[in-house]
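Okay, so here's the structure we're looking at.
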Amino acid sequence: NAGVMQNPRHLVRRRGQEARLRCSPMKGHSHVYWYRQLPEEGLKFMVYLQKENIIDESGMPKERFSAEFPKEGPSILRIQQVVRGDSAAYFCASSLARGGYGYTFGSGTRLTVV
Amino acid sequence: ILNVEQSPQSLHVQEGDSTNFTCSFPSSNFYALHWYRWETAKSPEALFVMTLNGDEKKKGRISATLNTKEGYSYLYIKGSQPEDSATYLCAFTGDNQGGKLIFGQGTELSVKP
């Protein structure tokens, strides 16, 4: 079991470009969570998805950010028209069931906006 | 606003010292308290998930206690080793949060040989 796979590990984008971050959950896990770590800050919840559904997006900025978890394929966090303030480490976690048990994190994608 | 506080922010100890850190969390609507160990450039590694008041968990030299009534948890490391150097995160899940974790800022532990 390869664990939670995130790619790319590092992503550099110019201001105004789009960033797509991918997360493949652990085999059998249907719950996916995205977190963001801004410089000098802790991990902050962004969005919780369960196959094809967004369950909680209360931590996601209202504009430019979107997330999906299709029936087939990885979960995607999409940031349109990136700005310097989007530079951060984005972590994905998956779990077998709702409630946070068996939470497993990926190694993160470090986004740098230049 | 749900707040999780950890102290101290950082800790420097000598090899062999025993140490402990604190995590404070909301005492209402409690569901679970998680402890993670996080090394730079790696993914957070789950140490414990605790749900019951008075719970104590142990994994090797690391143990944790939980007090849900007063809203705190302690993490203890006995006989610290250089390989214990990492950031230790606690995270709270409320019973109406659906699995969303609210993280503290972490305690950065450095163990010198």
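Atoms considered below: every heavy atom in the structure, side chains included; atoms not considered: hydrogens, waters and symmetry mates. So that the names make sense, note that chain A is the first sequence line, chain B the second, and so on, each numbered from 1.
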Is the count of non-hydrogen atoms from other residues, nucleotides or ligands lying under 6.0 Å from B/Glu83 atom CD greater than 12?
yes
Determine which residues belonging to residues 64-74 of chain A lie within contact range of chain B, meaning some heavy atom pair is under 4.5 Å apart, and list them by number or answer 'none'.
none
For the pair B/Trp38 and A/Phe105, evaluate side-chain contact (heavy atoms from CB on, under 4.5 Å) and give the outcome as yes or no after the intermediate values.
CA-CA 10 Å; B/Trp38 194 11; A/Phe105 276 88; over 6 Å; no
Answer yes if A/Tyr33 and A/Leu49 sit in the same cluster of Ile, Leu, Val, Met, Phe, Trp and Tyr residues linked by side chain heavy atoms under 4.5 Å apart, and no otherwise.
no
Does one hydrophobic cluster hold both A/Phe91 and A/Met46, with members joined at side-chain heavy-atom distances below 4.5 Å?
no
Under 3.5 Å, sequence neighbours excluded: what are the donor-acceptor pairs made by side chains of residues 14-24 of chain A?
unit_1	atom_1	unit_2	atom_2	d
A/Gln17	OE1	A/Arg14	N	2.8
A/Glu18	OE1	A/Arg78	NE	2.9
A/Glu18	OE1	A/Arg78	NH2	3.0
A/Glu18	OE2	A/Arg20	NE	2.9

To check you understand the geometry: which heavy-atom pair defines the closest contact between B/Pro44 and A/Gly106, and what is its length?
CD-O, 4.2 Å
Sequence neighbours left out, cut at 3.5 Å: what donor-acceptor pairs do the side chains of residues 35-45 of chain A make with other protein atoms?
unit_1	atom_1	unit_2	atom_2	d
A/Tyr35	OH	A/Tyr103	OH	2.6
A/Tyr35	OH	B/Leu101	N	2.9
A/Gln37	NE2	A/Glu41	O	3.4

Residue B/Leu89 versus chain A: region with a heavy atom under 4.5 Å
side chain
Transitive ILVMFWY cluster of A/Ile76, excluding itself - 4.5 Å side-chain cut-off
none
Looking at side-chain heavy atoms only, is the closest gap between A/Ser58 and B/Lys100 below 4.5 Å?
yes
Does atom NZ (A/Lys51) have a neighbourhood of more than 12 heavy atoms from anything else shown, all under 6.0 Å?
yes
Could you see if B/Ile62 belongs to whatever hydrophobic cluster contains B/Phe21? Use Ile, Leu, Val, Met, Phe, Trp, Tyr and a side-chain cutoff under 4.5 Å.
yes
